[in-house]
Amino acid sequence: MTVTANERLGLAPTDPRPASETRPAADRTTTNPLFGDQKMKLGLFGTNTSYGLIMSHAPSGFEITWEHTKEIAQRADRLGFDVLVPVARWKGFGGSTNFNGNCFETYTWAAGVAEATERIAVAATSHLPTMHPIVAAKQATTVDRISGGRFALNMVMGWVPPEMEMFGSEQREHDERYAYGQEWLDFVNRLWTEEGTFAIHSKYFDAELLEAYPKPHQGPRPALINAGNSPSGIEFSARNVDFNFASLDTLDNIKAYTTALKDKARTEYQRTIHAMTYGLVVCRDTEAEAKRAFQQVVDEGDWGAAGNVIKIAGSGASQSFDHAVKAMQERFIAGWGGYPIVGTPEQVTEELGRLNEAGMEGMIFGLIDYNEELKYFGEKVMPLLKEAGLRH
């Protein structure tokens with residue numbers, strides 16, 4: 001057995017730590033709006049990365065500066081939105097836009113946004129193979145302490161081979177990524193919750209005398225998110241996370257998906273999981289205006305970048321996008337393969353209601369121009385959502 005540095009140097013052991021270091025400060029249902037009672041939760045997706053959710057040169061005032069992303073976050077916070085979820089990217093998708101290539105790293109972005117906001121939940125999106133569990137657990141705890149218990153961790157197994165090659169390693173096979181992800185999360189959970197020191201000896205990790213103080217602000221742990229929709233992804237989500245993000249093509253398919261997901265979590269793991277979706281929202285005074293704006297995104301799309309995404313997804317790198325690769329290529333251009341909602345404030349409200357009835361308990365979405373269109377959404381759509389009983 002390897003002699004540890006503590007043994008070799010004759011170091012004194014750590015004394016038991018006080019409760020302020022070893023226990024969370026508050027129940028997460030009292031600090032994190034993701035666990036609040038809004039019937040249809042709302043969030044923004046992709047405000048940390050260039051072009052957001054649209055692979056297009058359609059006109060927009062959206063830009064990747066700290067001032068701009070902070071203004072968007074603060075506006076969403078004032079409007080009562082529930083969560084901000086960033087896109088994790090290490091490399092753009094090429095083409096004329098180099099889609100998502102100009103971006104902020106998500107843990108540090110989350111720390112800044114947490115300090116700049118008061119109520120909204122703030123997520124970091126983490127590609128697990130690129131982040132050691134010890135580092136991730138400490139960063140997550142730091143953001144959670146900054147935010148007073150509003151942090152969420154969106155876990156991605158890594159699905160873009162050129163990004164993984166930047167880190168000097170090849171992409172693991174699909175199901176092996178989730179096996180690695182399970183060990184990664186088990187490691188992080190122990191750092192978040194376990195008092196004293198412990199060791200981990202598993203297939204992917206080997207570590208002695210582990211400890212982490214303080215624990216996250218919210219207990220029993222921060223909110224966990226996963227967007228895996230393959231069989232392995234659904235299994236991982238049902239077993240581990242609080243929110244599964246998914247996008248499917250029809251309300252019937254969404255209903256079947258959310259029912260199966262929640263049943264699996266309940267019957268196989270005796271736990272509750274929530275489902276949310278994502279996509280592009282284009283809301284205008286008239287349906288014709290909304291459709292024209294959506295079509296402009298498609299007409300001015302960066303098909304080079306979209307083609308690259310489709311080739312990567314179609315190569316088996318991500319089984320979660322199989323349906324989009326085959327049938328919904330337009331949705332990559334206008335909404336990153338998500339569920340598009342296009343229409344008047346009344347139509348947007350009605351569609352969010354239908355998604356809710358189909359089992360989706362929230363939606364994180366992109367806008368062509370986040371900051372300007374968020375003002376319109378707050379003025380025109382939020383009151384209707386309250387009238388419809390979807391918000392209060």
Side-chain angles (χ1 to χ4, degrees), residues 29-47 52-53 71-85 117-122 150 152 223 243 245-255 257-259 262 272 274-294 334-335 338-392:
T29 60
T30 67
T31 65
N32 194 325
L34 278 171
F35 299 103
D37 61 355
Q38 296 287 1
K39 186 176 181 183
M40 187 65 174
K41 293 179 172 63
L42 298 176
L44 294 181
F45 189 22
T47 63
L53 300 192
E71 185 176 354
I72 293 167
Q74 291 174 332
R75 190 176 305 283
D77 191 30
R78 289 194 300 270
L79 287 174
F81 274 50
D82 301 287
V83 65
L84 297 164
V85 181
T117 55
E118 297 180 359
R119 196 202 68 90
I120 197 167
V122 181
R150 294 181 284 128
F243 297 87
F245 286 177
S247 177
L248 295 103
D249 53 350
T250 68
L251 292 170
D252 285 343
N253 287 339
I254 288 171
K255 179 64 174 177
Y257 177 88
T258 56
T259 300
K262 293 174 184 181
T272 298
H274 306 282
M276 294 177 67
T277 191
Y278 73 93
L280 181 68
V281 172
V282 183
C283 186
R284 300 291 187 269
D285 286 338
T286 68
E287 183 179 1
E289 288 177 283
K291 287 183 174 179
R292 279 197 302 271
F294 181 88
Y339 191 93
I341 299 181
V342 182
T344 65
E346 291 78 10
Q347 290 172 318
V348 169
T349 300
E350 290 167 3
E351 192 64 20
L352 287 169
R354 284 189 283 267
L355 285 170
N356 188 254
E357 290 174 3
M360 288 297 177
E361 296 161 83
M363 182 174 190
I364 57 171
F365 54 86
L367 299 161
I368 297 171
D369 189 329
Y370 286 92
N371 206 21
E372 294 305 312
E373 293 182 30
L374 197 56
K375 299 174 188 175
Y376 182 85
F377 191 94
E379 179 184 347
K380 300 291 186 178
V381 182
M382 291 296 274
L384 297 178
L385 291 171
K386 292 174 182 176
E387 289 178 17
L390 294 170
R391 304 282 299 178
H392 60 72

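Along the sequence shown, residues carry numbers from 1.
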Point to revise | Within-4.5 Å side-chain heavy-atom neighbours: Y339 and L355 | key: yes
Review point. Using a distance-only test with no angle check, is there a side-chain donor-acceptor pair under 3.5 angstrom linking D252 and Y257?
Key: no
Review point. Is a donor on one side and an acceptor on the other found under 3.5 Å between the side chain of T29 and the backbone of G36?
Key: no
Point to revise | Considering all heavy atoms, the nearest H392-D37 contact | key: NE2-OD1, 2.7 Å
Point to revise | side-chain contact (heavy atoms from CB on, under 4.5 Å) partner of L374, the single match among D369, L44, T47 | key: L44
**Study point:** Distance in Å, T250 OG1 paired with N253 CG, rounded so as to fall on 0.5 Å steps
**Key:** 3.0 Å
Practice item. Nearest 0.5 Å please: distance from the CG atom of L352 over to the CD1 atom of I341. Key: 4.0 Å
Exercise for review: Hey, can you tell me if F45 and Y278 have their rings parallel, tilted or perpendicular (30° and 60° cut-offs)?
Suggested key: perpendicular
**Study point:** Main-chain N/O of G43 paired to D82 side chain as donor or acceptor, under 3.5 Å
**Key:** no
Practice item. Using atom types as modelled and distance alone, determine if a side-chain donor or acceptor of T117 lies under 3.5 Å from a backbone N or O of I120. Key: no
Check your understanding: Hey, are the side chains of E373 and C283 touching, using non-hydrogen atoms and a 4.5 Å cut-off?
Key -> no
Point to revise | Side-chain donor/acceptor of D77 to backbone N/O of E118, under 3.5 Å | key: yes
Practice item. Working to the nearest 0.5 Å, report the span between CG of L390 and OG1 of T349. Key: 7.5 Å
Practice item. State, to 0.1 Å, how close M360 and M276 come at their nearest heavy-atom pair, and which atoms those are. Key: SD-C, 3.4 Å
Check your understanding: Would a distance-only check, ignoring hydrogens and angles, find a side-chain to backbone donor-acceptor pair under 3.5 Å from E351 to Q347?
Key -> no
Revision key, fill the gap. Correct closest heavy-atom pair for A152 and L34 would be CB-CD1, 3.8 Å
Practice item. Quick one: pull up NZ in K41 and NE2 in H274 and give me the separation to the nearest 0.5 Å. Key: 7.0 Å
Review point. Could you give the distance from CD (E346) to NZ (K380), rounded to the nearest 0.5 Å?
Key: 9.0 Å
Review point. Where the side chain of R150 meets the backbone of N32, is there a donor-acceptor pair that is under 3.5 Å apart?
Key: no
Practice item. Verify, without hydrogens or angle tests, whether K262 (side chain) and G359 (backbone) share a donor-acceptor contact under 3.5 angstrom. Key: yes
Check your understanding: Under 30°, 30 to 60°, or over 60°: which ring-plane class applies to F81 and F377, parallel, tilted or perpendicular?
Key -> perpendicular
Exercise for review: State whether the side chain of R391 and the backbone N or O of M40 hold a donor-acceptor pair below 3.5 Å, judged by distance alone.
Suggested key: yes
Point to revise | Heavy-atom neighbours of K291 NZ exceed 12 at 6.0 Å | key: no
Exercise for review: Answer with yes or no whether the side chains of T286 and E289 bring together a donor and an acceptor at under 3.5 Å.
Suggested key: yes
Practice item. Using atom types as modelled and distance alone, determine if a side-chain donor or acceptor of D285 lies under 3.5 Å from a backbone N or O of T344. Key: no
Check your understanding: Less than 4.5 Å apart, any side-chain heavy atom of F35 and any of T30?
Key -> no
